[in-house]
Amino acid sequence: MTPDFDAAKALFLDGLAALQAGQLVQAETSFLASLQRLPGRVSTFVNLAATRLALGRPQDSLASADAALAIEAGSADAWLHRANALAELGRHAEALIAFQAVCRLDPRQAHAWSQAGSLLREAGRLTEAAQAYEQALAHGADPEVHRYFLAAVRNVGPVPRGAPARYVQGLFDAYAGEFDAHLVDVLGYSAHRVLVEQLPEPDRRWANVLDLGCGTGLCGALLAGRADRLVGVDLSAGMLRQAQALGVYAQLLQADLVEHLDATTERHDLVLAADVFIYVGALERVFEGVRRVLTPGGRFCYSVESAVPLGPDIVLTPGLRYAHAAPYLAALAQRHGYTVEREVVAPIREEQRVPIAGRYVVLRRD
């Protein structure tokens, strides 16, 4: 076909407009039509790669990025889409190489530095991860989130009091659709089941239960037949939509758990927090807030990832999760007027097939 520059340009601009408007199928159609009229345009392949990634087709996106790189090996944008596609395909070693190529070609790319840092962190290359996160910060990445990342890989200085809300919300909104299958089937997650098994009086029916960080409703599903009223609180709208579909919660609220505990006028005879405190470092306000909403004699049941004995009270691990020491938890319980009714040490989940030690605690409000 004879190149038709004007028609190809018009179709390319139509594709850009559709991409910006979120009309992804139309964008792909326009970019492909533009390439038919004017083959070999790097910018068209680059935007086609972006479109196909947004359509959830990383393999096709990778092919488009590679087509662009075959024409212009130094295209930072093509390398970026290649890196993102490889990351989505789970080809992490190749994705790291591609993100590092972006950083060399265009050091201003904060996203590439950040993604490279995360891949290095997951590979256990913590010093290099810290350097990449520092570069991401220097080029405009979210300061709160990346200081949190840096604290996890450096393990020096003060530990942040909790994971940034934006990070947690974004993480679980993206994760919501596959959360249960990945967590339970792949990571061997059992905190919800083990925690509910620790409740006193197995045949007791609870009047008003608060499920903190309820997620997709794993605890709620186990308690549905034993509670008159279930209330769930979570930061992630995506997770709450999954929980809503269960039909077991009387109310679901999108809120920070500490802010909810401070503001609510409801009272509960049972408060649950299953595998939630891995994103909450300092627990003083949580213990105080739970005591405020618990009826006398009510139970507060939670799980934590166990910190190394004789180490700090709170540790932010390279996995971006908090671990808590047993003496710290015991001191909090005593300070806020709880009696330890039960405490069990058992795994919470697996990481690379290695069980992660956890602690399951049932407190009674005095």
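- Checking side-chain atoms of Arg121 against main-chain N and O of Pro318 turns up a donor-acceptor pair under 3.5 Å.
- Ring pair Phe12/Phe31 is tilted by interplanar angle, where 30° to 60° counts as tilted.
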Could you walk me through whether Arg229 and Glu266 pass the salt bridge (Lys or Arg N to Asp or Glu O under 4.0 Å) check?
CA-CA 11 Å; Arg229 174 177 165 80; Glu266 284 202 59; 2.9 Å; yes

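- Judged by distance alone, with hydrogens and angles left aside, the side-chain atoms of Ser30 form a donor-acceptor pair with the main-chain N or O of Gln26 at under 3.5 Å.
- A donor-acceptor contact shorter than 3.5 Å is absent between the side chain of Asp275 and the backbone of His192.
- No side-chain donor-acceptor contact under 3.5 Å links Arg161 to the backbone of Leu283.
- Side-chain N or O atoms of Trp113 include one that pairs as donor or acceptor with a backbone N or O of Pro107 at under 3.5 Å.
- At distances below 3.5 Å, not a single donor-acceptor pair connects side-chain atoms of His324 with backbone N or O atoms of Ala307.
- Relative ring orientation between Phe172 and Tyr279 is described as perpendicular, the plane-to-plane angle rising above 60° on a 0-90° scale split at 30° and 60°.
- By the criterion of side-chain heavy atoms lying less than 4.5 angstrom apart, applied directly or through intervening Ile, Leu, Val, Met, Phe, Trp or Tyr residues, Val233 is grouped together with Val290 in one hydrophobic cluster.
- Between Tyr322 and Val159 there is a side-chain heavy-atom pair separated by less than 4.5 Å.
- Considering CD of Glu28 and CG of Leu55, their distance stands at 5.5 Å, rounded to 0.5 Å.
- Applying the 6.0 Å contact sphere to CZ of Arg41 captures no more than 12 heavy atoms from other residues, nucleotides or ligands.
- Under a hydrophobic-cluster definition in which Ile, Leu, Val, Met, Phe, Trp and Tyr are linked whenever side-chain heavy atoms come within less than 4.5 Å, directly or via other members, Leu223 and Val194 are assigned to the same cluster.
- The other residues sharing a hydrophobic cluster with Phe99 are Leu69, Trp79, Leu80, Leu96, Val102, Leu105, Leu119, Leu120, where clustering joins ILVMFWY side chains under 4.5 Å apart.
- Residues Thr339 and Asp366 have side chains that bring a donor and an acceptor to within less than 3.5 angstrom of each other.
- Within the 3.5 Å criterion, the main-chain N or O of Leu235 finds a donor-acceptor partner in the side chain of Gln254.
- Between Tyr360 and Tyr302, the gap from one ring centroid to the other reaches at least 6.0 Å.
- A donor-acceptor pair shorter than 3.5 Å cannot be found between the side chains of Glu128 and Tyr133.
- Taking the six-membered ring for Trp and thresholds of 30 and 60 degrees, His336 and Phe287 have ring planes inclined between 30 and 60 degrees apart.
- Not a single donor-acceptor pair under 3.5 Å links the side chain of His260 to the backbone N or O of Asp256.
- A distance of 5.5 Å separates CG of Leu62 from CZ of Arg91, quoted to the nearest 0.5 Å.
- Leu38 and Leu13 are members of different hydrophobic clusters when ILVMFWY side chains are connected at heavy-atom separations under 4.5 Å.
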Under the side chain to side chain contact (heavy atoms under 4.5 Å, CB included) rule, what do Arg292 and Leu261 come out as? Steps first, then yes or no, please.
CA-CA 8 Å; Arg292 192 182 76 82; Leu261 291 170; 5.9 Å; no

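- At a threshold of 4.0 Å, the pair Glu259-Arg285 does not count as salt-bridged, since none of the basic side-chain nitrogens sits closer than that to a carboxylate oxygen.
- The hydrophobic clustering, which links ILVMFWY residues whose side-chain heavy atoms are closer than 4.5 Å, places Leu11 and Leu24 apart.
- Side-chain contact annotation: Ser61 with His81, donor-acceptor N/O pair under 3.5 Å absent.
- At a threshold of 4.0 Å, the pair Glu305-Arg349 counts as salt-bridged, since one of the basic side-chain nitrogens sits closer than that to a carboxylate oxygen.
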Does the pair Glu284 and Leu332 meet the rule for a side chain to side chain contact (heavy atoms under 4.5 Å, CB included), with working shown?
CA-CA 7 Å; Glu284 285 79 2; Leu332 283 178; 3.6 Å; yes

Side chain to side chain contact (heavy atoms under 4.5 Å, CB included) between Cys214 and Leu252, worked out
CA-CA 9 Å; Cys214 64; Leu252 288 164; 3.9 Å; yes

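- Side chain to side chain, Ser64 and Arg52 meet the donor-acceptor criterion of an N or O pair below 3.5 Å.
- At least one donor-acceptor pair closer than 3.5 Å links the side chain of Asp269 to the backbone N or O of Ala207.
- Note on Leu48: it does not cluster hydrophobically with Leu89, by side-chain heavy-atom contacts below 4.5 Å among ILVMFWY residues.
- Using a 3.5 Å distance cut-off with no hydrogens or angles, the side chains of Ser118 and Glu122 do not pair a donor with an acceptor.
- Between the Arg267 side chain and the Val293 main chain, no donor and acceptor come within less than 3.5 Å of each other.
- Between Tyr148 and Tyr167, the ring planes are tilted. Angles from 30° to 60° get that label.
- Considering Leu199, Asp211, Val362 in turn, Leu199 is the only one that fulfils the side chain to side chain contact (heavy atoms under 4.5 Å, CB included) rule with Leu270.
- Rounding to the nearest 0.5 Å gives a distance of 7.0 Å between OG1 of Thr216 and CG of Leu246.
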